[in-house]
Amino acid sequence: MSGTPGQEPAVASAALPTGFATVLMRWQRHSGRHGLPWQGTHDPYRVWLSEVMLQQTQVSTVLDYYPRFLSRFPDVQALARATPDEVMALWSGLGYYSRARNLHRCAQVVVAQHAGVFPSTSSELQTLPGIGASTAAAIAAFCHGERVSILDGNVRRVLTRLLAFDGDLAQAAQQRRLWEIAQTLLPEQPAAGDMVAYTQGLMDLGATLCSRSRPSCAACPVLALCRSGQDGTASRYPVKTRTLKRRHESWWLLLLRSPSDDGTHRVWLERRPNQGIWAGLFCTPVFADEAAALATLPPNTARMRALSPVAHSLTHRELRLHPLLLDLPPSVSPAGADGRWVALGGIDALGLPAPVRQLLVQLPD
DNA sequence: GATGCGTGGGC
DNA sequence: TGCCCAAGCAT
């Protein structure tokens with residue numbers, strides 16, 4: 001820590017920008033985003049689904065998934081009845097697959113223990129699988145107007161800039177401080193619709209004008225109230241010491257292909273362990289080195305082809321994927337392997353990691 | 001409190 | 001290419 005950190009009062013309450021909530025709500029109603037498919041509803045199921053999909057995921061990505069998922073599972077009962085594999089297939093490519101498992105569990109808890117009705121308070125919502133403090137606040141504020149603050153990446157950026165808050169957000173204690181401050185900035189006596197406009201306004205401001213790089217301070221509705229904006233130092237915030245380290249790894253993927261009776265192809269897929277990367281998804285056999293992959297094959301592997309390596313980065317790892325393609329005769333199956341043949345045309349119905357799906361879709365002849 | 005967990009995009 | 005980030009949560 002540097003300067004005069006933790007012990008100082010967060011921000012003297014007299015210095016909190018009065019009128020912030022009022023200005024923000026007015027701006028949101030006039031200039032915020034209104035056409036997103038999960039807006040304009042107070043249905044907790046739809047809001048919940050969107051909030052979970054949007055965790056650490058960009059809006060443009062979720063736009064591809066949300067309508068499809070909602071069409072297949074229009075309400076919490078339909079989702080609760082689904083199998084885990086059905087849910088995972090629709091989540092495939094969206095990442096952070098524990099969200100999908102928790103989403104399914106949550107639906108089943110809501111149906112079995114809450115008569116199919118989501119709890120209405122933020123604190124009750126937080127007890128459900130996959131719903132943390134920020135998601136619970138978003139659902140409660142959007143659906144019931146509860147006076148509670150979210151704290152996502154957008155809000156962290158907006159509020160640290162507004163207040164010139166220089167605590168290191170890599171530290172949980174500083175995040176808590178910021179959340180307490182966020183609570184004090186809420187509309188004091190929110191009228192109907194105010195919490196929707198305020199909550200959406202925080203996110204809209206962070207997603208548009210108060211962007212990470214090159215913020216548009218000159219166009220900002222709260223410039224007059226914004227400490228860093230007045231100083232021209234907005235881009236210094238939020239303060240966060242970086243901790244992320246990526247390990248480099250090489251994985252060998254064994255792509256076993258076999259003809260079907262109808263002339264199309266099948267591929268050999270196994271279920272990933274239920275812990276770790278791509279947990280519970282279907283995937284080709286993975287090996288730590290080429291020798292290990294070769295050791296599982298019958299002697300005659302002359303026709304095996306090494307395809308071009310593919311780079312794929314995850315949060316904590318930089319993967320170099322080495323695909324090995326081998327065509328097997330129809331009657332042969334990999335010995336001792338716990339997997340199954342899947343028609344290439346049918347992999348849409350399975351949960352697959354994004355790079356594996358990509359490899360299978362563009363296999364050479 | 002620190003770490004693990006996907007994928008796509010900006011610069 | 002590498003680094004950071006995006007409507008975070010669970011353990």
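In what follows, chains carry the letters A, B, and so on, assigned in the order in which the sequence lines appear, proteins first and then strands, with residues in each chain numbered from 1. These numbers come from the heavy atoms of this one structure, side chains and all, not from hydrogens, waters or symmetry mates.
Residue contacts shown for A:Val155 are absent, as no nucleic acid heavy atom lies under 4.0 Å away. When heavy atoms are screened at a 4.0 angstrom cut-off, A:Trp91 is found touching no nucleic acid atom at all. Residue-level contact check: A:Ala311 touches neither bases nor backbone, having no heavy atom under 4.0 Å from any strand. Note on A:Ile131: only backbone sugar-phosphate atoms sit closer than 4.0 angstrom, heavy atoms only; bases stay farther off. Contact annotation for A:Gly276: backbone-only contact, meaning every heavy-atom pair under 4.0 Å involves sugar-phosphate atoms and none involves a base. Residue A:Arg33 is in base contact, counting any heavy-atom pair closer than 4.0 Å across all strands shown.
Side chain of A:Arg303 to backbone of A:Leu326: no donor-acceptor contact under 3.5 angstrom is found.
Every residue was checked against the side chain to side chain donor-acceptor pair (under 3.5 Å) condition with A:Ser228, not counting sequence neighbours, and none meets it. For the ring-ring contact (aromatic ring centres under 6.0 Å, His included) test, no residue two or more places apart in sequence or in another chain qualifies with A:Tyr96. Every residue two or more places apart in sequence or in another chain that forms a ring-ring contact (aromatic ring centres under 6.0 Å, His included) with A:Tyr45 is listed here: A:Trp48. A search for side chain to side chain donor-acceptor pair (under 3.5 Å) contacts involving A:Gln56 returns nothing, not counting sequence neighbours.
Spacing between atom CG of A:Leu319 and atom P of C:dT1 amounts to 14 Å, rounded to whole angstrom units. Here B:dG4 presents its C1' atom at 16 Å from NZ of A:Lys245, a figure rounded to the nearest Å. Atom NE2 of A:His316 and atom C1' of C:dT11 are 13 Å apart (whole Å). The distance from atom CD1 of A:Ile150 to atom P of C:dA6 is 13 Å, rounded to the nearest whole Å. Summarising the geometry, the separation between CG on A:Asp64 and P on B:dG6 is reported as 19 Å, rounded to the nearest angstrom. Distance CD (A:Glu318) to P (C:dC3): 9 Å, rounded to an integer number of Å. The CD atom of A:Gln175 sits 12 Å away from the P atom of B:dA2 (whole-angstrom rounding). The distance between atom CZ of A:Arg156 and atom P of C:dG8, rounded to the nearest whole Å, is 7 Å.
A distance of 6.0 Å or more separates the ring centres of A:Trp91 and A:Trp278.
Heavy atoms only, all atoms of each residue included: A:Gln55 and A:Thr135 are closest at NE2-OG1, 3.0 Å.
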Under the side-chain hydrogen bond (donor to acceptor under 3.5 Å, both in side chains) rule, what do A:Ser92 and A:Arg357 come out as? Steps first, then yes or no, please. CA-CA 9 Å; A:Ser92 183; A:Arg357 184 182 302 283; 2.7 Å; yes

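Mapping A:Leu36 and A:Pro129 onto DNA chain C by nearest heavy atom places A:Leu36 closer to the 5' end of the strand.
The P atoms of B:dG6 and C:dT11 are separated by 14 Å, rounded to the nearest whole Å. Atom C1' of C:dA7 sits at a distance of 22 Å from the matching atom of B:dT3, rounded to the whole Å.
At least one cation-pi condition fails for A:Arg72 and A:Phe69: the charged atom is not both under 6.0 angstrom from the six-membered ring centre and inside a 45 degree cone around its axis.
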Using a cut-off of under 3.5 Å, enumerate the N/O to N/O pairs linking the protein to nucleotides 7-11 of chain B.
{"residue": "B:dT7", "atom": "OP1", "partner": "A:Tyr97", "partner atom": "OH", "Å": "2.7"}
{"residue": "B:dT7", "atom": "OP1", "partner": "A:Ala354", "partner atom": "N", "Å": "2.7"}
{"residue": "B:dT7", "atom": "OP2", "partner": "A:Trp278", "partner atom": "NE1", "Å": "3.0"}
{"residue": "B:dT7", "atom": "OP2", "partner": "A:His312", "partner atom": "NE2", "Å": "2.8"}
{"residue": "B:dG8", "atom": "N2", "partner": "A:Gln58", "partner atom": "NE2", "Å": "3.1"}

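If you check the side chains of A:Asp204 and A:Gln28, you find a donor sitting under 3.5 Å from an acceptor.
Contacts of residues 138-146 of chain A with DNA chain B (heavy atom under 4.0 Å): none.
Checking the phosphate oxygens (OP1, OP2) of B:dC5, a side-chain nitrogen or oxygen of A:Arg317 falls inside 4.0 Å. In this model, the phosphate group of C:dC9 is not approached by any side-chain N or O of A:Arg105 to a distance below 4.0 Å at OP1 or OP2.
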